[in-house]
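Indexing begins at 1, ligand by ligand and atom by atom, following the structure's order.
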Amino acid sequence: MKKTKLKLRLPKGQSLVLVGLMGAGKTCIGRQVAQKFDIPFVDADREIEEAAGCCVADIFELYGESAFRDGERRVIKRLLEGEPCILATGGGAFMNAETRGLIEETGTSLWLKANVDVLIKRTSGRKHRPLLNQGDPAKTLRKLVDERYPVYAQADIIVETRDEPLDATVRRVIKALKD
Ligand code: S3P
């Protein structure tokens, strides 16, 4: 039987922009939600990598974090000016005031909020995130929670993501979008 696709009605703007810390599940959840609503899914980090011709870890190593942030801001601007989509952003993107302003003007932001233990569990053993590849990753994540959560809290919609199957979070996101 053919599955009927859901209709995504956003309160404002065109794209749904997922924000949240590393390990919150922006990419996995974004991809599934986009499928349900039959709209394109775009991952900002992959787009930055394509534009730079190398992976995020290499951009940090070769050019430094500020060059990455610069590219991140420009790529997200281009994506937000393009076709409506579900856009997963890297954890630092929403911290940039210009990017945040642009998201506010052109899209609907959704914060995937996870507690630090969930983030530690989900990011452990993964080596592609330069900020977690040095020092104590759990300590870094705790620090980032303190710094970033007050800013992420400005998102239009907040959905909790827990230590649970992906489907459960996807359902919660869809419910939040329909409410
Ligand atoms: C970062 C998060 C990463 C990536 C980069 C920096 C951050 O993306 O953009 O390593 O500052 O939180 P994810 O949140 O998708 O892991």
Side-chain angles (χ1 to χ4, degrees), residues 15-35 40-80 85-103 107 109-155 157-163 166 169-170 173:
S15 287
L16 177 70
V17 184
L18 301 182
V19 305
L21 258 187
M22 296 171 275
K26 293 161 294 190
T27 302
C28 297
I29 290 160
R31 197 171 275 131
Q32 296 256 340
V33 173
Q35 215 173 31
F41 170 76
V42 182
D43 185 277
D45 278 350
R46 295 296 82 73
E47 295 284 326
I48 296 163
E49 290 178 331
E50 212 162 282
C54 61
C55 69
V56 170
D58 286 349
I59 303 174
F60 268 67
E61 176 145 2
L62 295 170
Y63 310 108
E65 181 172 349
S66 73
F68 171 79
R69 297 296 174 203
D70 209 39
E72 179 174 53
R73 183 180 42 73
R74 281 185 276 117
V75 165
I76 292 177
K77 183 171 190 300
R78 167 172 60 77
L79 295 170
L80 286 172
C85 66
I86 294 192
L87 175 63
T89 60
F94 201 66
M95 297 305 290
N96 179 286
E98 195 183 323
T99 301
R100 209 163 53 243
L102 203 67
I103 294 172
S109 50
L110 186 148
W111 173 21
L112 280 173
K113 182 179 183 187
N115 78 35
V116 77
D117 293 329
V118 170
L119 300 172
I120 293 169
K121 187 173 167 191
R122 291 201 194 144
T123 53
S124 78
R126 311 286 312 271
K127 286 283 160 241
H128 64 286
R129 296 184 171 102
L131 296 182
L132 303 181
N133 284 347
Q134 53 203 342
D136 175 355
K139 202 169 153 196
T140 304
L141 282 168
R142 281 195 195 94
K143 183 169 168 275
L144 290 173
V145 164
D146 289 346
E147 285 170 9
R148 293 182 177 177
Y149 277 22
V151 178
Y152 292 164
Q154 297 173 33
I157 302 170
I158 300 174
V159 173
E160 262 190 57
T161 165
R162 306 175 190 144
D163 191 11
L166 188 70
T169 318
V170 170
V173 169

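Annotation for ligand 1: atoms under 4.0 Å from non-hydrogen atoms of L131 are 7 (C), 11 (O). Residue G92 approaches ligand 1 through these ligand atoms, each under 4.0 Å from one of its heavy atoms: 7 (C), 11 (O), 12 (O). Proximity to V56 (heavy-atom distance under 4.0 Å) selects the following atoms of ligand 1: 5 (C), 10 (O). Each of the atoms 9 (O) of ligand 1 lies under 4.0 Å from some heavy atom of F68.
A perpendicular orientation is assigned to the rings of W111 and Y149, their planes being inclined by more than 60° (bins at 30° and 60°).
Under the 3.5 Å distance criterion, the side-chain polar atoms of S15 are left unmatched by any main-chain donor or acceptor of I86.
Protein heavy atom closest to atom 9 (O) of ligand 1, with residue, atom name and distance, is D45 OD2, 2.9 Å. Of the protein's heavy atoms, R148 NH1, 2.6 Å lies nearest to atom 12 (O) of ligand 1. For atom 14 (O) of ligand 1, the nearest protein heavy atom (residue, atom name, distance) is K26 NZ, 2.4 Å. At the top of the distance list for atom 16 (O) of ligand 1, counting protein heavy atoms only, stands R129 NE, 2.6 Å. Protein heavy atom nearest atom 10 (O) of ligand 1, with residue, atom name and distance: P130 CD, 3.5 Å.
Here D43 pairs with R46 in a salt bridge; the nearest charged N to carboxylate O distance falls below 4.0 Å.
Minimum interatomic distance between L166 and C28 (heavy atoms only, all atoms of both residues): CD1-CB, 3.8 Å.
The heavy atom nearest to atom 11 (O) of ligand 1, out of those in R69, E72, M95, M22, is found in R69.
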